[in-house]
Trainee: 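My questions all concern the structure below.
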Amino acid sequence: MNEHFFTEGMNTQQAAAITAGAGPVLVLAGPGSGKTSVLTRRIAWLIREQRIPHHRIMAVTFTNKAAGEMRSRVEALLGDRMRGLQIGTFHAICARFLRREAESLGYRRDYVIYDSDDQVALVKQVVKRLGIDPKKFNPRAILGKISNAKNEMIGPDEFQSLDYFSEIVKQVYTAYQAALRAANAMDFDDLLLNMVLLLRGSDMLRDAYQQRFETVLVDEFQDTNSVQYELVKILAAPQNNVFVVGDEDQAIYAFRGADYRNVLRFRENYPDPTVILLEQNYRSTQNILDVARAVIDNNRDRTPKHLHTDQGRGERITVFEAYDERYEAEYVLEQIQQLRMQAGLDYQDFAVMYRTNAQSRAMEQAFVNQSTPYVLVGGVGFYKRREVKDMLAYLRLIHNPDDRVSFERIVNVPARGIGKKSLAAFLDWVAHAGMTIGEALNRLYYDDPTPLSTAAEKKFRAFADLLSSWQEMAKVGDLVNMFDNITAQTRYYMHLDDTSNLPEEAAERADNVRELRGLLEYALEYEQPLHEFLAEQSLVADVDTLKDGAEAVTLMTLHSAKGLEFPVVFITGLETGILPHFRAFEELDGISEERRLFYVGVTRAKRSLYLSYAFRRALYSGGGTLSRPSEFLADLPRHLLDGSPLTLANLNKAQSLESQTRWDDSSSSVSRLERDLKSNTVTPSDSKIRSKIIPFPGIKPEAKNDTPFKVGANVSHPKFGRGKVIGVENKGEIVSVLFDDLGLKKILADADGFTALDE
DNA sequence: CCTGCCCGGGTTTTT
DNA sequence: CCCGGGCAGG
């Protein structure tokens, strides 16, 4: 095996990336440019040619599925098992490290991981305990703020309370973190943040981890957030052998704190990195690439790429207008059946993509009606099902009796006579005695006196006894037997019958419980400890459950589709308000992100691409409202499109809302909205958007329209230095500036010394 | 004091 | 359309 083995069949750029020398390397990889091959071969090359022991390599992927694939590809290249090679998502890798280091953070090593549902449940508990009205202050909104803060590495103490809402958030944040600790639980964000805090806080530990990892590789680098960036930075130091692969055009996780400008930051942070551009596409036809480019070229502030392929033009892209979402689904199915007959394609060659999970319903219905096999990625997936979460809560409580969220979930499921009042009394007792849930249950088990009423005490005692008996079974290691004992003792299957509307529903839910039992059985066969099994269950992503080779059409959101490819792709619901999603209009850079999402969808297709929209769409059953074709359709080159004359003519009307509001638009056509803006009359849609932007406190209401700060203008600020305007809000009073050194900041237009440099 | 029923409200994307 | 919360009956 020689060096060329790992670069065989690769193009010059790919080979250069695979065999790049030590130090920072940035690979800008367009879609379909073979980045997975590059990453896996790089790892194999490092192990074989550079003699780096495989356990001293860390590779971060975006999903567990990608991690599994990467591991097996590396193993196939090297013909050897690679146990100890750290491949996984940021979350999974941190969870593993923290399992070992938990104690230095004041956690126990058997800590549990709270997923988003658990997080919401805990925030709700905390909000109620603090006497805050959850109707006035939406727990999900509060959680969102907390999560953002954690992603920016801002703790509860440093959290700035600028207004009443953020003061509430600060309070909840503080109490929420305390509650997590009391429950010996970390949420998703804690996994990353705690790891950073740990490494920052201890020279010894930091040295140990830095020593351990000779080199760090990161996939989908454009979707890293601040904590993740920091983590990579710390772990890769001091030798800075850091190899990142990314594509700014595929950044679709800003809502989760991801910042594609980390790619730019990387170039500034590491002196003189090796930069490699992968532009040769091995996936799609030229027509698909041309359409993709037409989409993404509308985004500003990006490194232009020139994707090309040897595969020829291929067929044109089909655009279809359906009457409503049901017809749209029927159309998709018709095309699938036809292509299967004519082109000899299999079901697994097709994928149907949509912006929101809710859109899958109509699609699923059509697949069921036509008895066409499909797999649904995400949605109300297996792990989110009530019955599965219930049973997992039992397992988690057995494993960690302090787990408050799990306790509250199942203490009365199935109903065992412990209602709201009894639970409140119990929790009061726990709080006043300064105990954890587990300690209280322990006291009950040993028949210690409690302040509870006799009736309530009896019921809680019975529960504590049951829990203890399961814990005994768990100790002996017979987990499947224990599982069966839980369902038997609690009469869980009967409970499912009682709480289901239809017998079929009960049967389906019972199946889900049995499937979880099967997973547990499987885990035991591989001698996986319970805590590991539970951690794995919390960290599964929707797409992770997607198996290859199933004879079925794949249905999924555009987000889930990232990193995948299919011969035939349908992107449905190309309507204003759906793609781009209406929420995006309120967000800074929102439309650009929607466009990237569309771009990701388009570039999943290998040979055929179908774009569809409905004339009328019902969000939930009943009526439905008229919709308008997505503005993105108007951007597509007409000579590459196929469709009925009426549909194609319609696209002319798909006026781009964004180009209407783009203030630096240099095109000659002056839209109505632009004129309106200039004459200071605001259209309904515009005022609707504006009204949702909450002005900063202390801003004078008078509007100023003659702002010198236009999008794209270069500006200077006495404190923040030089930067570029990327957005203007509130009629020019607030300017969003991307500063060269400090990143994005919002500045008041009349701030002292804040000036425009050109014009 | 618990359970079942009804009504109203809210719905992007995910590790 | 589905969930969660509030209310009345048991």
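Chain letters run A, B, ... following the sequence lines, proteins first, then strands; residues in each count from 1. Worth saying up front: this structure is predicted, and the values here are computed from it rather than measured.
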Trainee: In whole angstrom, what separates A/L231's CG from B/dT15's P?
Mentor: 18 Å
Trainee: Over how many whole Å does the gap from A/L452 atom CG to B/dC1 atom P extend?
Mentor: 12 Å
Trainee: Between A/F582 (CZ) and B/dT13 (C1'), how many Å, whole number?
Mentor: 13 Å
Trainee: Check this one for me: any side-chain N or O of A/S560 less than 4.0 Å away from OP1 or OP2 of B/dT13?
Mentor: no
Trainee: So do the side chains of A/Y173 and A/V126 get within less than 4.5 Å of each other, counting heavy atoms only?
Mentor: no
Trainee: Could you tell me the separation between the CG atom of A/N64 and the P atom of B/dT14, rounded to a whole number of Å?
Mentor: 15 Å
Trainee: Report yes if the side chains of A/N262 and A/F266 come closer than 4.5 Å at any heavy-atom pair, otherwise no.
Mentor: no
Trainee: Would you say B/dT13 has OP1 or OP2 under 4.0 Å from some side-chain N or O of A/N357?
Mentor: yes
Trainee: Please write out each protein N/O paired with an N/O of nucleotides 3-5 of chain B under 3.5 Å, distance rounded to 0.1 Å.
Mentor:
| unit_1 | atom_1 | unit_2 | atom_2 | d |
| --- | --- | --- | --- | --- |
| B/dT3 | OP1 | A/G417 | N | 3.3 |
| B/dT3 | OP2 | A/N412 | ND2 | 3.2 |

Trainee: Using whole Å, what does the distance between atom P of nucleotide B/dT12 and atom NE2 of A/H559 come to?
Mentor: 12 Å
Trainee: Once salt bridge (charged side-chain N to carboxylate O under 4.0 Å, His left out) is applied, do any residues pair with A/E330, and if so which ones, sequence neighbours excluded?
Mentor: none
Trainee: Can you tell me the distance, in whole Å, between the CG atom of A/N225 and the C1' atom of B/dT15?
Mentor: 10 Å
Trainee: Flag the pair A/Q250 / A/Y260 as yes when at least one side-chain heavy-atom distance between them is below 4.5 Å, and no otherwise.
Mentor: no
Trainee: Could you check A/L423 against A/F255 and say which one's nearest nucleotide on DNA chain B is further toward the 5' end?
Mentor: A/L423
Trainee: Just to confirm, is there a sub-4.0 Å distance from OP1 or OP2 of B/dC2 to any side-chain nitrogen or oxygen of A/S422?
Mentor: yes
Trainee: With sequence neighbours excluded, tell me which residues meet side chain to side chain donor-acceptor pair (under 3.5 Å) with A/Q222.
Mentor: A/E220
Trainee: Between A/H91 and A/F188, what is the ring plane arrangement, given parallel below 30°, perpendicular above 60°, and tilted in between?
Mentor: perpendicular
Trainee: For the pair made of CG in A/D589 and C1' in B/dT13, what is the distance, rounded to whole Å?
Mentor: 15 Å
Trainee: Would you check, one step at a time, whether the test salt bridge (charged side-chain N to carboxylate O under 4.0 Å, His left out) holds for A/E594 with A/R355?
Mentor: CA-CA 9 Å; A/E594 296 291 303; A/R355 177 65 176 84; 2.9 Å; yes
Trainee: Answer yes or no for this row: A/H581 ring on B/dT12 base, centroids under 5.5 Å, planes under 30°.
Mentor: yes
Trainee: Out of B/dT14, B/dT13, C/dG4, which nucleotide sits closest to the side chain of A/T356?
Mentor: B/dT13
Trainee: Please tell me which of the listed nucleotides, B/dT12, C/dG4, B/dT14, lies nearest to the side chain of A/K124?
Mentor: C/dG4
Trainee: Pick the closest DNA chain B nucleotide for A/A92 and for A/E594 by heavy atoms, then say which residue is nearer the 5' end.
Mentor: A/E594
Trainee: In whole angstroms, how far is the P atom of B/dC1 from the NZ atom of A/K459?
Mentor: 10 Å
Trainee: So what does A/Y253 touch, heavy atoms closer than 4.0 Å: a base, only the sugar-phosphate, or nothing?
Mentor: sugar-phosphate
